[in-house]
J.: 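Sending over a structure as structure tokens; questions will come in a sec.
By convention here, the first residue in the shown sequence is residue 1. In this text the structure is predicted, and so the values were computed from the model without any measurement.
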Amino acid sequence: MPKKISMKPFFFGLEKKLISKEEFYFDHENFYAIHQDLQKKVFKLSTITELKRTATQVNNRRIWQITIQQANATTVVFKFAHNYTLWNKNFAIFHKKIKK
């Protein structure tokens, strides 16, 4: 079962310019980007080349950037706000998995 790692912070519509439109999930092998039109993109975790914290914050949530190198040599970049809370540790698990 994929675990959600993103949320949509509210900042009077400006957040739409700062973060990707997709919601993000992961499981043991894959990273999922699900668009609001329910279009799903699936990437192997091994294709993630970078996960970094940006300098941008929205509602005290740091914006993160993930870079994926696809087999056809194209690079995909997503930006999102994590959903880490005291009760939801999915982003921390994902971050640790990517650092390995």
Side-chain angles (χ1 to χ4, degrees):
M1 175 91 177
K3 298 177 182 178
K4 187 175 180 180
I5 61 169
S6 65
M7 67 170 290
K8 298 281 186 194
F10 175 73
F11 196 62
F12 305 104
L14 293 175
E15 72 278 359
K16 294 175 184 173
K17 296 180 189 317
L18 300 174
I19 61 175
S20 301
K21 293 180 181 179
E22 294 84 0
E23 293 288 338
F24 301 104
Y25 298 80
F26 80 103
D27 61 20
H28 295 294
E29 296 178 8
N30 299 311
F31 175 76
Y32 304 92
I34 301 176
H35 193 271
Q36 55 196 356
D37 299 334
L38 298 178
Q39 298 172 349
K40 179 169 66 170
K41 298 175 187 171
V42 181
F43 305 94
K44 292 286 185 192
L45 290 178
S46 60
T47 62
I48 296 174
T49 57
E50 182 179 50
L51 174 65
K52 71 175 183 177
R53 186 174 57 176
T54 68
T56 307
Q57 275 187 297
V58 176
N59 292 341
N60 294 322
R61 295 274 182 181
R62 185 70 63 182
I63 303 300
W64 286 75
Q65 178 176 304
I66 190 163
T67 306
I68 299 169
Q69 185 69 43
Q70 294 184 301
N72 61 359
T74 40
T75 302
V76 179
V77 176
F78 296 110
K79 292 186 179 181
F80 66 97
H82 65 74
N83 65 351
Y84 181 85
T85 66
L86 188 58
W87 298 276
N88 182 352
K89 308 277 192 231
N90 291 343
F91 180 74
I93 295 166
F94 175 72
H95 190 264
K96 188 175 183 180
K97 191 179 250 320
I98 296 304
K99 284 178 78 172
K100 284 185 183 179

J.: From Lys41 NZ over to His35 NE2, what is the distance, rounded to the nearest 0.5 angstrom?
T.: 7.5 Å

J.: Parallel, tilted or perpendicular for Phe91 and Phe80, by the 30°/60° rule?
T.: perpendicular

J.: What's the separation between atom NZ in Lys40 and atom CD1 in Ile34, rounded to the nearest 0.5 Å?
T.: 6.0 Å

J.: What residues, two or more places apart in sequence or in another chain, satisfy side-chain hydrogen bond (donor to acceptor under 3.5 Å, both in side chains) together with Asn83?
T.: none

J.: Taking side chain to side chain donor-acceptor pair (under 3.5 Å) as the cut-off, I'd like each qualifying pair that reaches into residues 87-99, sequence neighbours left out, listed once.
T.: Asn88-Asn90

J.: Do Phe24 and Val42 belong together in a cluster built from hydrophobic side chains that touch within less than 4.5 Å?
T.: no

J.: Could you tell me which residues satisfy side chain to side chain contact (heavy atoms under 4.5 Å, CB included) with Lys44, sequence neighbours excluded, listed by chain and number?
T.: Glu29, Asn30, Ser46, Thr47

J.: Establish whether Tyr25 and Leu45 are linked, either directly or via other cluster members, by ILVMFWY side-chain heavy-atom contacts under 4.5 Å.
T.: no

J.: Rounded at 0.5 Å granularity, tell me how far CZ in Arg62 sits from CD in Gln57.
T.: 4.0 Å

J.: If you count the non-hydrogen atoms of other residues, nucleotides and ligands that lie under 6.0 Å from CZ in Arg53, is the total more than 12?
T.: no

J.: Applying ring-ring contact (aromatic ring centres under 6.0 Å, His included), name anything that partners Phe26, two or more places apart in sequence or on another chain.
T.: Phe94

J.: Can you tell me how far the CD1 atom of Ile5 sits from the CD1 atom of Ile66, to the nearest 0.5 Å?
T.: 6.0 Å

J.: Nearest 0.5 Å, please: how far is CD1 in Ile48 from CD1 in Ile98?
T.: 3.5 Å

J.: May I ask whether Tyr84 and Ile63 are part of the same hydrophobic cluster, defined by side-chain heavy atoms of I, L, V, M, F, W, Y residues being less than 4.5 angstrom apart, directly or through others?
T.: no

J.: What residues form a side-chain hydrogen bond (donor to acceptor under 3.5 Å, both in side chains) with Glu23, not counting sequence neighbours?
T.: Lys4, Ser6

J.: By the side chain to side chain donor-acceptor pair (under 3.5 Å) test, which pairs, at least two apart or in different chains, include something from residues 63-80?
T.: Glu50-Thr67, Gln69-Thr75, Gln70-Thr74, Asn72-Thr74

